Amino acid sequence: MPEPTPGPTPRPTPGTPPGPTPERLSARLVLALVTDPGTFTELPYPARQSPPDGPLAWPGYDASRARAAERTGEEESVVVGTARVEGTAAVLIAFEFGFLGGSLGQRTGDRLEAAYVHARAHRLPVVPLVATGGSRMQEGMLALSQLQRVARQSTLTREAGLAQVAVLRDPTTGGGWATLGAGADVVLALPGAQVGFAGSRVRPPDADPAAYTAEAQLAAGAADAVVPVAELRATLGLWLRLLTTPATTPADPPAALGGTTLPATGGEAVRRARAPHRPRADAYLDAYFTRRVALVGDRCGGADPDGMLCGFGERDGRAVAFAAQTGTPTRPAGYRTAARLIRLADRLGIPVLTLVDTPGAANDAEAERQGAGAAIAELFGEVAAARTPITTLVVGEGGSGGALALAAPGNTWAAPDSYFSVIAPDLAAAILKRPPEQAENTADQLRIRPQDLVALGVVRGVVDPVDRPRA
């Protein structure tokens, strides 16, 4: 790992305002930026004896470390401690890019392991503030193997039911991105940060640099938000609060926001559900939560922000997770994002609210190439396996398995201006080789009205336009 050449980076007390540009903030400055004043306490670090010039006897390695220490005031490439962020206690891991490019070596691994062990012992979430070029060349495979060590500690922390929220600084590349960054439950990034597995010196010469940015990772579903520096503490604090204060009871179904009368016919139910001005997911979520944050992307290269809204919201001072369809055909990335949301909520013990509103799963050729069937199957499986309670409200169209995959068995409710059907009635008529004018009669035969669904036992009840369900 070549040495970077930034200027000196001072070491202010956490809580003081930052000085340099955010992309190259030192470890101490980024800690000052995100932690509540006076709350940061550095953890003790394990002692490790090292032979001259390190385990590989790399000529000049000791001198390089000494220069890095003099330049940064640090003894290693990470600073680890505990602090409060907007009132929530956490373990923070801040990388010092000025120390050999924030690279990972054996001593770095010692500090990282100590951070995760402390987090599990004290039941604290972990916040990696990442700025690294990857593994340290001067320690060879012994440096690279630290990624396995970090991955194990992250996995143990995940299994302990503790949240991990990463903040990607500039740059976040190599194994640091592939473990501490991309392996976190929630990934926030600073604007313009270089983010990618391949660092700038090892990419193909014709590689598009725009693909290796925080904004590109957000578009590809690998990050949840790009957060301006001025908003970082508040955003991180809200995430930590929501991931550590679960509601203790199942989510109540939201009150109805649209029509209050029940449809007379199946055709009327469909027309009301398809009405362009009917309240959609955003309106329901805004009415239900006092504040919320978005979980974006399936971590498989895709996102469906226009078709599936996922995240965590605060209701009555406690956290509820949500996955909500928006009235459009749901893309495979949307189903995978919802599955990711339910897995995380289940692990953290946070109840889930789902809102069903789709004419059906996207069925174009690209959706098939993106694995529509597998994505829907994954979501069905996560809903079926969840130990945390899931509550569902059908707020509009409930079209076929693409809608049912998001519905909680035994705890699904319906709004008065909704329907739920084995398939949209006009498509059902086509499948049955009926003329288009038979769609209305087909809708009646399918018994898709909210009151029909209650009678069939498919839904528990129809919600009123007040904060209580109608039995």
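Positions are given from 1 along the sequence. Treat the numbers as computed from the prediction; the structure is a model and nothing was measured.
Atoms CG and CG, from L56 and L142 in turn, are 6.0 Å apart once rounded to the nearest 0.5 Å. Rounding to the nearest 0.5 Å gives a distance of 7.0 Å between OG of S50 and OH of Y61. One distance of note links CG of L188 with CZ of R169; it measures 13.5 Å at 0.5 Å rounding. Rounded to the nearest 0.5 angstrom, R460 CZ and T412 OG1 are separated by 9.5 Å. One finds the CD1 atom of I390 at 9.5 Å from the CG atom of N411 (value rounded to the nearest 0.5 Å).
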*Kindly indicate, with the supporting measurements, whether the criterion side chain to side chain contact (heavy atoms under 4.5 Å, CB included) is fulfilled by M308 and T326.*
CA-CA 6 Å; M308 182 76 79; T326 64; over 6 Å; no

*Show the numbers, then the answer: is there a side chain to side chain contact (heavy atoms under 4.5 Å, CB included) between I93 and V127?*
CA-CA 6 Å; I93 300 168; V127 180; over 6 Å; no

_Steps toward side chain to side chain contact (heavy atoms under 4.5 Å, CB included) verdict (F312, I350)_ = CA-CA 9 Å; F312 293 82; I350 300 174; 3.7 Å; yes

*asked:* One pair to check against side chain to side chain contact (heavy atoms under 4.5 Å, CB included): Y284 and L257. What are the steps and the verdict?
replied: CA-CA 7 Å; Y284 274 94; L257 298 181; 3.8 Å; yes

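The existence of a salt bridge linking R331 and D304 is excluded, since no basic side-chain nitrogen approaches an acidic carboxylate oxygen closer than 4.0 Å. Under the 4.0 Å criterion applied to side-chain N and carboxylate O atoms, R278 and D357 are assigned as salt-bridge partners. Here R136 pairs with E76 in a salt bridge; the nearest charged N to carboxylate O distance falls below 4.0 Å. Ion pairing between R65 and E74 fails under the 4.0 Å rule for side-chain N and carboxylate O. Salt bridge E70/R67: absent, no basic N to carboxylate O contact under 4.0 Å.
Summarising the geometry of A403 relative to V356, their closest heavy-atom pair is CB-CG1, 3.5 Å, with the distance given to 0.1 Å. For V226 against L218, the heavy-atom pair with the smallest separation is CG2-CD2, 4.0 Å. Between G109 and R149, the shortest heavy-atom distance links the atoms C-NH1, 3.4 Å. The two residues P254 and L353 come nearest to each other via the heavy atoms CD-CD1, 3.7 Å. Across all non-hydrogen atoms, the minimal contact from L43 to A114 is CD1-O, 4.4 Å. When all heavy atoms of A333 and A303 are compared, the pair lying nearest together is CB-N, 3.5 Å.
In this view, T157 and R120 satisfy the side chain to side chain donor-acceptor pair (under 3.5 Å) rule, not counting sequence neighbours. By the ring-ring contact (aromatic ring centres under 6.0 Å, His included) test, F322 is found to be paired with F289, residues two or more places apart in sequence or in another chain being considered. Residues passing the salt bridge (Lys or Arg N to Asp or Glu O under 4.0 Å) test with D224, sequence neighbours excluded: R299, R340. Every residue was checked against the side chain to side chain donor-acceptor pair (under 3.5 Å) condition with T179, not counting sequence neighbours, and none meets it. Residues meeting the side-chain contact (heavy atoms from CB on, under 4.5 Å) test with E75, sequence neighbours left out: R111. Partners of R347 under the salt bridge (Lys or Arg N to Asp or Glu O under 4.0 Å) rule, at least two apart in sequence or in another chain, are D185. Scored by the salt bridge (Lys or Arg N to Asp or Glu O under 4.0 Å) test, D306 finds no partners at all (sequence neighbours excluded). In this structure D346 satisfies the salt bridge (Lys or Arg N to Asp or Glu O under 4.0 Å) test together with R387, sequence neighbours excluded. Partners of D286 according to the side chain to side chain donor-acceptor pair (under 3.5 Å) rule, which considers only residues two or more places apart in sequence or in another chain, are R292.
No more than 12 heavy atoms of other residues, nucleotides or ligands sit less than 6.0 Å from atom CD of Q148. At most 12 heavy atoms of other shown residues, nucleotides or ligands fall within 6.0 angstrom of atom CZ in R152.
Within the structure, every pair that satisfies the ring pair (Phe, Tyr, Trp, His ring centres under 6.0 Å) test and touches residues 113-168, not counting sequence neighbours, is listed here: H118-H122. The ring pair (Phe, Tyr, Trp, His ring centres under 6.0 Å) analysis of residues 172-218, with sequence neighbours excluded, yields no pairs. Among pairs with a residue in residues 234-249, those fulfilling side chain to side chain donor-acceptor pair (under 3.5 Å) read R241-E314, at least two apart in sequence or across chains.
A donor-acceptor pair is defined here as one N or O able to donate and one able to accept, closer than 3.5 Å; no such pair exists between the side chain of R48 and the backbone of D110. A donor-acceptor pair under 3.5 Å is formed between the side chain of T392 and the backbone N or O of A408. Of the possible donor and acceptor atoms, none in the side chain of D170 sits under 3.5 Å from a partner among the backbone N and O of A131. Looking at T88, its side chain never comes within 3.5 Å of a backbone N or O of L240 through a donor-acceptor pair. Side-chain atoms of Y335 come within 3.5 Å of backbone N or O of G402 as a donor-acceptor pair. Using a distance-only test at 3.5 Å, with no hydrogens or angles considered, a donor-acceptor pair links the side chain of D62 to the main chain of D53. Side chain of E86 to main chain of L238: no donor-acceptor pair is present (N/O by atom type, distance under 3.5 Å, no hydrogens or angles). Within the 3.5 Å criterion, the main-chain N or O of G192 finds a donor-acceptor partner in the side chain of E215. D36 places no side-chain N or O within 3.5 Å of a backbone atom of T39 that could act as its donor or acceptor partner.
In this structure, a donor-acceptor pair under 3.5 Å is absent between the side chains of T172 and Q194. Donor-acceptor pairing under 3.5 Å is lacking for the side chains of E96 and T72. In this model, no donor atom of one side chain and acceptor atom of the other lie less than 3.5 Å apart for D298 and T337.
In this structure, V383 and P409 have side chains that are in contact, with non-hydrogen atoms separated by less than 4.5 Å. The shortest distance between side-chain heavy atoms of T391 and D252 does not fall below 4.5 Å. Between L168 and L190 there is no side-chain heavy-atom pair separated by less than 4.5 Å. At a threshold of 4.5 Å between non-hydrogen side-chain atoms, the residues L92 and T35 count as touching. Using a 4.5 Å heavy-atom threshold, the side chains of L129 and L31 count as touching. In this structure, the side chains of L406 and Q325 come closer than 4.5 Å at one or more pairs of heavy atoms. At least one side-chain heavy atom of T82 sits less than 4.5 Å from a side-chain heavy atom of L124. Side-chain contact check for T290 versus R315: every heavy-atom pair is 4.5 Å or farther apart.
Applying side-chain hydrogen bond (donor to acceptor under 3.5 Å, both in side chains) to T108 and the options S77, S103, S135 leaves one that passes, S77.
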